[in-house]
Amino acid sequence: MPKNVTVMTYNVHSCRGRDGRYSPRRIAEVIASHGPDIVALQELDVRLLRTGLVDQAEKIAGHLSMQFHFHPSFEIEEGLYGNAILSRYPMRLVKAGELPMPDRRGIEKRGAMWVDIDVEERRVRVFNTHLGLYRKERLVQADALLGPGWLTNRLDNSSVIFCGDLNAVPLSPVYRRFSRHLRDVQRASGRKCPRKTYPSNFPVVRIDYVFVTPDVLVRGIEVPRTRQARAASDHLPLVAEVSIP
């Protein structure tokens with residue numbers, strides 16, 4: 001029988017809410033209210049002065065009683081800034097690394113991570129990334145993720161869940177690259193009007209995504225617009241319920 005799993009992707013903006021307050025607990029409460037089994041987080045601070053030297057990945061995972069892996073995209077001040085994957089199921093970090101940039105001057109480094117998660121004897125490959133702000137770097141980064149060492153040769157024989165903030169809208173070349181190989185859960189759910197995710201107070205664009213391989217059945221999606229979700233970050237989370245064969 002297929003196993004139902006709830007997945008969330010969420011850019012948490014260093015846990016800085018629209019009120020200017022930094023609160024990993026508030027982010028954890030938003031996540032907990034939807035009970036996800038797997039969570040991909042972007043824009044986490046780890047031991048930075050601006051966020052009180054807190055390890056945000058560890059703090060959020062602790063509140064949720066979940067395992068986690070964190071990967072720093074780059075160092076800032078005396079600490080780290082990057083992405084994490086949290087899971088209720090056993091998982092193993094397979095790869096984490098920096099994504100290419102066509103021009104390093106004045107551009108934030110970007111990274112990606114890949115974990116294998118064992119969902120009741122089913123192996124699921126889960127990826128998390130946050131692509132760059134500029135079109136040229138996003139294209140190079142998307143090609144890298146779809147190439148050797150990341151997704152190449154893993155789309156035919158594995159269940160894949162690919163999450164992240166692509167900083168790209170659905171009509172963009174970056175989106176089209178991923179959608180040629182993977183299914184956008186919002187489209188696959190049958191929803192006629194996919195939900196937008198940014199900015200959280202009045203979302204006008206869709207830049208946060210979950211993609212899956214064709215063997216993964218999409219049962220439903222949600223973009224929570226509760227008062228707490230709108231306040232906790234500048235992005236809204238995207239939640240998808242999927243079935244793993």
Side-chain angles (χ1 to χ4, degrees), residues 6-20 26-27 30-31 33-34 36 39-44 73 81-85 99 101-102 106-112 127-146 161-212 218 220-242:
T6 302
V7 181
M8 175 187 283
T9 187
Y10 195 6
N11 182 322
V12 299
H13 191 47
S14 299
C15 299
R16 184 178 189 269
R18 288 176 47 237
D19 55 6
R26 181 166 57 181
I27 291 291
V30 171
I31 297 170
S33 65
H34 300 281
V39 184
L41 300 178
Q42 303 89 37
E43 292 196 16
L44 288 161
S73 298
Y81 175 85
N83 310 312
I85 297 176
L99 294 176
M101 294 186 296
I107 301 177
E108 287 184 0
K109 293 180 181 179
R110 301 288 172 164
F127 297 79
N128 182 23
T129 193
H130 184 191
L131 300 189
L133 293 174
Y134 304 102
R135 181 178 182 275
K136 185 177 180 181
E137 63 176 325
R138 287 195 299 270
L139 289 170
V140 171
Q141 291 161 1
D143 287 343
L145 286 166
L146 289 165
I161 299 173
F162 184 95
C163 305
D165 174 357
L166 301 187
N167 273 314
V169 297
L171 293 177
S172 67
V174 164
Y175 176 88
R176 291 198 298 268
R177 277 167 164 76
F178 285 106
S179 61
R180 280 199 294 267
H181 301 278
L182 298 161
R183 295 191 305 151
D184 174 355
V185 295
Q186 292 222 52
R187 297 290 187 190
S189 70
R191 184 179 292 277
K192 292 183 179 179
C193 297
R195 300 284 181 86
K196 299 175 175 63
T197 56
Y198 180 85
S200 58
N201 59 327
F202 189 78
V204 295
V205 294
R206 187 160 78 97
I207 58 176
D208 302 281
Y209 300 93
V210 175
F211 289 93
V212 295
V218 180
I221 69 96
E222 183 180 5
V223 175
R225 293 194 63 182
T226 63
R227 178 179 298 178
Q228 190 175 44
R230 293 197 309 269
S233 171
D234 62 343
H235 288 242
L236 294 173
L238 168 62
V239 185
E241 184 182 357
V242 301

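What's counted below: heavy atoms across the whole structure, side chains too, no hydrogens, waters or symmetry copies.
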Compare every heavy atom of [Y] with every heavy atom of [X], then report the nearest pair and how far apart it is.
X: Arg135; Y: Pro173; value: NH2-CG, 3.6 Å
X: Leu236; Y: Ala229; value: CD2-O, 3.8 Å
X: Gln42; Y: Gly164; value: NE2-CA, 3.7 Å

Under a 4.5 Å cut-off applied to non-hydrogen side-chain atoms, are [X] and [Y] in contact?
X: Cys15; Y: Ile27; answer: yes
X: Arg183; Y: Val212; answer: yes
X: Thr226; Y: Ser33; answer: no
X: Ile31; Y: Pro237; answer: no

Does [Y] offer a backbone N or O that forms a donor-acceptor pair with the side chain of [X] under 3.5 Å?
X: Arg18; Y: Ser233; value: no
X: Thr9; Y: Leu41; value: no
X: Arg206; Y: Thr197; value: no
X: Gln141; Y: Arg110; value: no
X: Asn83; Y: Ser73; value: no

Point to revise | Distance-only donor-acceptor check, side chains His235 and Asp208, under 3.5 Å | key: yes

Review point. Can Asn11 and Asp165 be counted as having a side-chain donor-acceptor contact under 3.5 angstrom?
Key: yes

Review point. Below 6.0 angstrom between ring centroids: does that apply to Tyr175 and Tyr209?
Key: yes

Practice item. Report the C-alpha separation of Asp184 and Phe178 in whole Å, then their side-chain angles, then the decisive distance to 0.1 Å, and conclude whether the side chain to side chain contact (heavy atoms under 4.5 Å, CB included) test is met. Key: CA-CA 9 Å; Asp184 174 355; Phe178 285 106; over 6 Å; no

Exercise for review: Evaluate the criterion side chain to side chain contact (heavy atoms under 4.5 Å, CB included) for residue pair Leu145 and Arg177; output intermediate values, then yes/no.
Suggested key: CA-CA 10 Å; Leu145 286 166; Arg177 277 167 164 76; over 6 Å; no

Study note, to complete from the structure: Checking Val174, Leu131, Asn167 against Ile207 for side chain to side chain contact (heavy atoms under 4.5 Å, CB included), the one that qualifies is Asn167

Check your understanding: Residues in side-chain contact (heavy atoms from CB on, under 4.5 Å) with Thr6, at least two apart?
Key -> Pro36, Asp37, Val239, Glu241

